[in-house]
K.L.:
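Please see the structure below; I have some questions.
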Protein chains: 4
Amino acid sequence: MAKKTFQKLSKEKQNTIFDGAAACFAEKGYYGASIKDICENADISNGALYKYFDNKEELFLEVLLRCQEILEEELYKKYTHIENSLKQTVEAYLNQIIKLHQKYPDYIKIYSNLGSFEADLLSDKLNQPFMESADYVYNMVQEAREKGEIKLAIDDKELSFLLDNYFILFLNSLISNYHEIRFRFFLHKKPEEALTNQDKINFILQSITPILK
Amino acid sequence: MAKKTFQKLSKEKQNTIFDGAAACFAEKGYYGASIKDICENADISNGALYKYFDNKEELFLEVLLRCQEILEEELYKKYTHIENSLKQTVEAYLNQIIKLHQKYPDYIKIYSNLGSFEADLLSDKLNQPFMESADYVYNMVQEAREKGEIKLAIDDKELSFLLDNYFILFLNSLISNYHEIRFRFFLHKKPEEALTNQDKINFILQSITPILK
Amino acid sequence: MAKKTFQKLSKEKQNTIFDGAAACFAEKGYYGASIKDICENADISNGALYKYFDNKEELFLEVLLRCQEILEEELYKKYTHIENSLKQTVEAYLNQIIKLHQKYPDYIKIYSNLGSFEADLLSDKLNQPFMESADYVYNMVQEAREKGEIKLAIDDKELSFLLDNYFILFLNSLISNYHEIRFRFFLHKKPEEALTNQDKINFILQSITPILK
Amino acid sequence: MAKKTFQKLSKEKQNTIFDGAAACFAEKGYYGASIKDICENADISNGALYKYFDNKEELFLEVLLRCQEILEEELYKKYTHIENSLKQTVEAYLNQIIKLHQKYPDYIKIYSNLGSFEADLLSDKLNQPFMESADYVYNMVQEAREKGEIKLAIDDKELSFLLDNYFILFLNSLISNYHEIRFRFFLHKKPEEALTNQDKINFILQSITPILK
DNA sequence: GATGAATGAGACTTCATTCAT
DNA sequence: AATGAATGAAGTCTCATTCAT
């Protein structure tokens, strides 16, 4: 946990610091990001950082918690209920992921790489994994079930897993070149053709259509 | 490309070196892995590494190529045809992923993190992204279609994307704590309950059953 | 240019660092001098050096500027006017070169080797070559001409070049074994005989006598 | 001294090796030149070098001896007698220096930097300094004296020193940017004006004219 | 509490030299 | 005799962290 000194700072200042750190971690990863760069990005002195956090690892963990906070605030809180159909909710959710990525690209990049090296390295320190997304999707499916929207004889758990897969890999495609190319492959896009986010959304919506009534 | 000196080594020695390097890259990522550690792991002297590769980056790229080679040899070559039903093929493929992971955990970890920081950093050097998997799955679906196995009114591209999502996220669950917990969540496993790979396979097979005849 | 951190140091500390570096560069040249040795000589930590200068090359250039500064302060500023005869001025100048060499042997050695490998290597970085000496000697001759001291029908440019040759090669004899032996040869000194600086000065003065009235 | 293995090689091969080494030493100095580069330049294997010479230092010393040999063969042997006047001999000698430099630029660069760092470092190993040039010039003056060519009341030793200064600094101007600029300064050449070797020769000849009859 | 200079271990890479083939 | 792969010490430079001000 961050030191008291840090907690006395204004929320605004705290977020400025997290933003600077997130930018560095997103660009180069945990090991690649240097304290010097982070301090410059966060607009604080080298010494100040060590007044706020014990060390680099603690700072990284705090940035991860800030990720969680952002997802909570910007994604899950906004979609507690299905307004219309499941299909529309899925579309809205995918669009919200895009907005989220536009607003917080660095945090999203860090989050989506959680499965990667560094996160595992620190996983024993991260008490509660980020299962908000999964939880949210499960609720989404349950509501749709109640509204009788689901045609296919598929279990709620299975369907929510299936949908969450789309969300995870769509998010990855915003961040990783590899996943962008993977979408491009399955959409049969030629190298010279543009691939828009709307193309990907349409593809996903098309994919789930036969599942729904 | 690796230097001549490296190519003169026996395939066995070459692989020993790749294995040592892969272990380090898998554990700590590109930036976190040190040349010193790599050399100790690979059982070569510090200087020798630089007789074999121009620098750390080239070594990493060569390890990625070795990943590709392993996947090619151990996964795709073995499943060119659907022997029985699509469902059985999916099951066999998932089991093959497990075997592959048991035999080459480090390479698989590196591969599955390709979407991450470092890989993107080097992505312009990686000429051909790893789309073998996607290609393989697409063929799998086409064959199933010809055999009239698919019930759901879903496009080949869409279904193969859906299946490939399972493969990717199943593979991730072997490697990343986060994805393991995610499976656990969707399978409604309690913290004290064990989660076996067979559980995950059954869950996936169950999920795709309504899609098939 | 040196970094701010360096410029904040006291002049004394700055010169201590330059002195340490100069000693190493004088002894082993640019490539031969190691950062480790330089830091030990300069009594600073390895890391500190890189807070002061971007890299070894910049440090070397700064040492060269310090050379220039020393020559300016200790040689040229002190002899702006011919007090007595040209001959006496030449003698005084040669003696001043000796004092300078005694006080700053390392800087003088570096300066006198400016024509050498490394300096040329860095010559595009050295904006203004060290032509102070040449300029000074030219003024010396002009003043002597005005005072009617020159007998020989020789141009000012030619005479000043001739004199500057003596100064350069006298300075070299203080530093380089080769040039010391060369003096010894022309003075017909036997191996067992001592060769003093005064011998060399007398020889030069004797040489220019027939040129003067 | 080079090992027997080296001495068994043909003179041609020996010189090829010296040439390659000289090119490296001339470009980067003793410490800056690497054995790897030298071997590539000399077109021999890394191991062969150590069959021919004990180590880098010995190789460097042998290259210096080759310098001496070249000077001997190409400069002093060709001018044992004054054919015409001293002035013409000086001119011929300066032109010969140019030719020598064109033919053996690397050796000449090394030679002219003898006064520098590395040479001193190794000076105790260099048994006989290179006084051939000085000796040659002294003879030149003695012959001129006998022929009654010298007007100025100057001693042979002094005049030969004076002349040798010209030769040394003219040679330096072919090699070092610093000495080139120095000539430019004394010749009052503007930065945009070209400075040819003939300009420098004329300047020197003009300078010595008043000394001669 | 905040600064940023200082530290020295450790990063990647190159080096002169040795030695098995 | 010749090769060039192997060595590991040492090169320059950066790093996370500490500490005097």
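Labels below follow one simple rule: chain letters A, B, ... track the order of the sequence lines, proteins then strands, and each chain is numbered from 1.
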K.L.:
Does a sphere of radius 6.0 Å around CD in A:Glu12 hold more than 12 heavy atoms from other residues, nucleotides or ligands, not counting ones at 6.0 Å or beyond?
P.N.:
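Open.
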K.L.:
Quickly work out the C:Leu49 CG to F:dC15 P distance and round it to whole Å.
P.N.:
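Roughly 16 Å, once rounded to whole Å.
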K.L.:
Taking only the side-chain nitrogens and oxygens of B:Thr5, find out if one of them lies under 4.0 Å from OP1 or OP2 of F:dA5.
P.N.:
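So the side-chain polar atoms of B:Thr5 do come within 4.0 Å of the phosphate oxygens OP1 or OP2 of F:dA5, strictly under.
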K.L.:
Could you state the atom-to-atom distance from NZ of A:Lys51 to C1' of F:dA16 in whole Å?
P.N.:
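Atom-to-atom, A:Lys51 to F:dA16, this comes out as 16 Å.
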K.L.:
Can you check the C:Ile17 CD1 to E:dA5 P distance for me, whole Å?
P.N.:
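Going from CD1 in C:Ile17 over to P in E:dA5 covers 13 Å.
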K.L.:
Under the salt bridge (Lys or Arg N to Asp or Glu O under 4.0 Å) definition, can you give me all pairs with a residue in residues 29-49 of chain B, not counting sequence neighbours?
P.N.:
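Residue pairs with at least one partner in residues 29-49 of chain B: B:Lys36-B:Glu40.
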K.L.:
Mapping B:Lys13 and A:Asn55 to their closest nucleotides on DNA chain F, which lands nearer the 5' end?
P.N.:
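Residue closer to the 5' terminus by nearest nucleotide: B:Lys13.
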K.L.:
Whole angstroms only, please: what is the CG-C1' distance between B:Asn46 and E:dA11?
P.N.:
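Checked: the CG to C1' distance equals 11 Å.
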K.L.:
Using only side-chain N and O atoms of D:Tyr52, determine if any of them is under 4.0 Å from OP1 or OP2 of F:dA2.
P.N.:
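Yes, because at least one side-chain N or O of D:Tyr52 sits under 4.0 Å from OP1 or OP2 of F:dA2.
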K.L.:
D:Glu58 has an atom CD; how far is it from atom C1' of E:dA16, in whole Å?
P.N.:
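My rounded result for the distance is 15 Å.
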K.L.:
Kindly give the heavy-atom pair with the smallest separation between C:Lys56 and C:Tyr30, and that separation in Å.
P.N.:
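What the structure gives for the nearest pair is NZ-O, 2.8 Å.
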K.L.:
Considering only side-chain heavy atoms of A:Ser34, which listed nucleotide, E:dT17, E:dT3, F:dA16, is closest?
P.N.:
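Of all the options, the side chain of A:Ser34 is nearest to F:dA16.
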K.L.:
Using a cut-off of strictly less than 4.0 Å, decide whether C:Lys8 has a side-chain nitrogen or oxygen near OP1 or OP2 of E:dA5.
P.N.:
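Affirmative; the distance criterion is met.
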K.L.:
Let me know the distance between CG of B:Asp37 and P of F:dG8, rounded to the nearest Å.
P.N.:
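In whole Å, F:dG8 P lies 17 Å from B:Asp37 CG.
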K.L.:
Using the ring centroid of each side chain, check whether B:Phe18 and B:Tyr52 are separated by less than 6.0 Å.
P.N.:
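For B:Phe18 and B:Tyr52, the ring centres are not under 6.0 Å apart.
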K.L.:
Report the secondary structure of DNA chain F in dot-bracket form, marking unpaired bases with a dot and bases paired to a different strand with |, and treating Watson-Crick or G-U pairs with both distances under 3.5 Å as paired.
P.N.:
.||||||||||||||||||||
K.L.:
Quick check: closest heavy atoms across D:Lys13 and D:Leu9, and the distance to 0.1 Å?
P.N.:
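Reported closest heavy-atom pair: CG-CD1, 4.0 Å.
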K.L.:
Does B:Ile35 or D:Lys56 map to a spot on DNA chain E nearer the 5' end, using the closest nucleotide for each?
P.N.:
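The residue whose closest nucleotide sits nearer the 5' end is B:Ile35.
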K.L.:
Rounded to the Å, how far apart are B:Asp54 CG and E:dT14 P?
P.N.:
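Going from B:Asp54 (CG) to E:dT14 (P), I get 9 Å.
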K.L.:
Would you kindly give the CD1-to-P distance between C:Ile44 and F:dC13, to the nearest whole Å?
P.N.:
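Going from C:Ile44 (CD1) to F:dC13 (P), I get 13 Å.
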K.L.:
Please determine, by modelled atom types, if C:Asp19 and C:Tyr104 share a side-chain donor-acceptor pair under 3.5 angstrom.
P.N.:
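No pair is found: no donor N or O on one side chain lies under 3.5 Å from an acceptor on the other.
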K.L.:
Considering heavy-atom distances to DNA chain F, does D:Leu9 or A:Lys36 have its closest nucleotide positioned more toward the 5' end?
P.N.:
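Final value for this comparison: D:Leu9.
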K.L.:
Run through A:Tyr111, A:Tyr31, A:Phe60, A:Tyr107 and flag the one making a ring-ring contact (aromatic ring centres under 6.0 Å, His included) with A:Phe25.
P.N.:
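With A:Phe25 as partner, A:Tyr111, A:Tyr31, A:Phe60, A:Tyr107 yield a single ring-ring contact (aromatic ring centres under 6.0 Å, His included), made by A:Phe60.
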K.L.:
Look at the side-chain N and O atoms of B:Tyr50 and state whether any lies under 4.0 Å from the OP1 or OP2 oxygen of E:dT14.
P.N.:
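So the side-chain polar atoms of B:Tyr50 never come under 4.0 Å of the phosphate oxygens OP1 or OP2 of E:dT14.
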